[in-house]
Amino acid sequence: YFQASVVLDTLPPTAPAVTINEGAEVTNEGLGRVVLSLAADDANNIDRVRLSPRDDCTDAGPSQAYVALLNHELDQPGQDGPKSVYACFIDPAGNVSESAMATIRLDTTAPEIQGVAVSTEAGLCNQACLVNDPRVQLQVSEAVEGDAIEIQIGRDAEFRGAAWQPRLPGLVPVEVPRREGAHTIFLRVRDQAGNVSQVDSVDLVLDSEAPPAPSAEVDDYIAGGPLV
């Protein structure tokens, strides 16, 4: 005789979860490529997963074999902004879970420096600024205030030996070499996504040496008579 057994499974997977790039808030990947971490619970394991940029993955649609880590391309990768991924999990019996959702911000636009000026006693200066102290303060204006989170300041346009430092609000303190004469300060900024601005610069002239004391000349004659 013939005997067969069938497992009745009407329960959908539970605890669906999806994260993008290990929970990162932002990415600057130009093609919108990310890595999804996928998970759900089911007594008979997870068979397939259905992904969508909208909350419609519980509806019938294409699915793919389930893996815990999955390469994925965000919707409309040529357009910056928040990007959502919805995931629904399917067990071998075809039961579909509720949707899980994760969001990441796509930012491929570099921050923009609109101007750099040296703060002097006479006011702001942006060309051949005369200073008497190698320690100066710069006013750095950006197209979007607060967009940059780091700043790099160097003595050359290649920023050799220059480290990134936090971009704090207000004036930026800088110290040039203690060498009299012309100096150029190069700088650029970086946003949270890792996009780097174009290089900007400002020129200044350091003159920290006091002029020589005037010499006093005494006349040979005082009141019409020779000195004795």
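Listed here is the closest heavy atom pair of Ala148 and Val189: CB-CB, 3.5 Å. The minimum heavy-atom distance between Ala65 and Val49, with the atom names listed, is O-CG1, 4.2 Å. Residue Phe186 comes nearest to Ser201 through the heavy atom pair CD2-CB, 3.8 Å, listed as atom of the first residue, atom of the second, then distance. When all heavy atoms of Leu204 and Val118 are compared, the pair lying nearest together is CD2-CG2, 4.3 Å. Across every non-hydrogen atom of Pro77 and Leu106, the tightest pair is O-CD2, 3.3 Å.
Asp59 pairs by the side chain to side chain donor-acceptor pair (under 3.5 Å) definition with nothing, not counting sequence neighbours. Applying the side chain to side chain donor-acceptor pair (under 3.5 Å) test to Thr10 and every residue at least two apart in sequence or in another chain returns nothing. In this structure, the side-chain contact (heavy atoms from CB on, under 4.5 Å) partners of Glu25, at least two apart in sequence or on a different chain, are Gln192. Judged as a salt bridge (charged side-chain N to carboxylate O under 4.0 Å, His left out), and not counting sequence neighbours, the contacts of Arg190 are Glu150. With sequence neighbours left out, Ser84 forms a side-chain contact (heavy atoms from CB on, under 4.5 Å) with Tyr86, Met101, Thr103. A search for side-chain contact (heavy atoms from CB on, under 4.5 Å) contacts involving Thr19 returns Ser37, not counting sequence neighbours. In terms of the side-chain contact (heavy atoms from CB on, under 4.5 Å) criterion, Pro62 has no residue partners (sequence neighbours excluded).
The salt bridge (Lys or Arg N to Asp or Glu O under 4.0 Å) pairs that include a residue from residues 192-205 number zero, where partners must be two or more places apart or lie in different chains. Residue pairs meeting the disulfide bond (SG atoms under 2.5 Å apart) criterion with at least one member in residues 125-154, sequence neighbours excluded, are Cys125-Cys129. Within the structure, salt bridge (Lys or Arg N to Asp or Glu O under 4.0 Å) contacts touching residues 100-115 (residues at least two apart or in different chains) are Arg105-Asp107. Residue pairs meeting the disulfide bond (SG atoms under 2.5 Å apart) criterion with at least one partner in residues 16-74, sequence neighbours excluded, are Cys57-Cys88. Applying the salt bridge (Lys or Arg N to Asp or Glu O under 4.0 Å) test to every pair with at least one member in residues 169-178, sequence neighbours left out, gives these pairs: Glu175-Arg178.
The side-chain tip of Arg188 points at the ring of Phe159 from less than 6.0 angstrom away and within 45° of straight on.
Within the 3.5 Å criterion, the main-chain N or O of Gln79 finds no donor-acceptor partner in the side chain of Gln76. Asp91 contributes a side-chain N or O that, together with a main-chain N or O of Asn95, makes up a donor-acceptor pair within less than 3.5 Å. The main-chain N or O of Pro13 is never found under 3.5 Å from a side-chain atom of Ser97 such that the two would form a donor-acceptor pair.
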Checklist line | Check against side-chain hydrogen bond (donor to acceptor under 3.5 Å, both in side chains), Arg50 and Ser63 | finding: CA-CA 4 Å; Arg50 185 179 295 143; Ser63 63; 5.0 Å; no
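A donor and an acceptor atom, one from each side chain of Asn132 and Ser208, are nowhere located under 3.5 Å apart.
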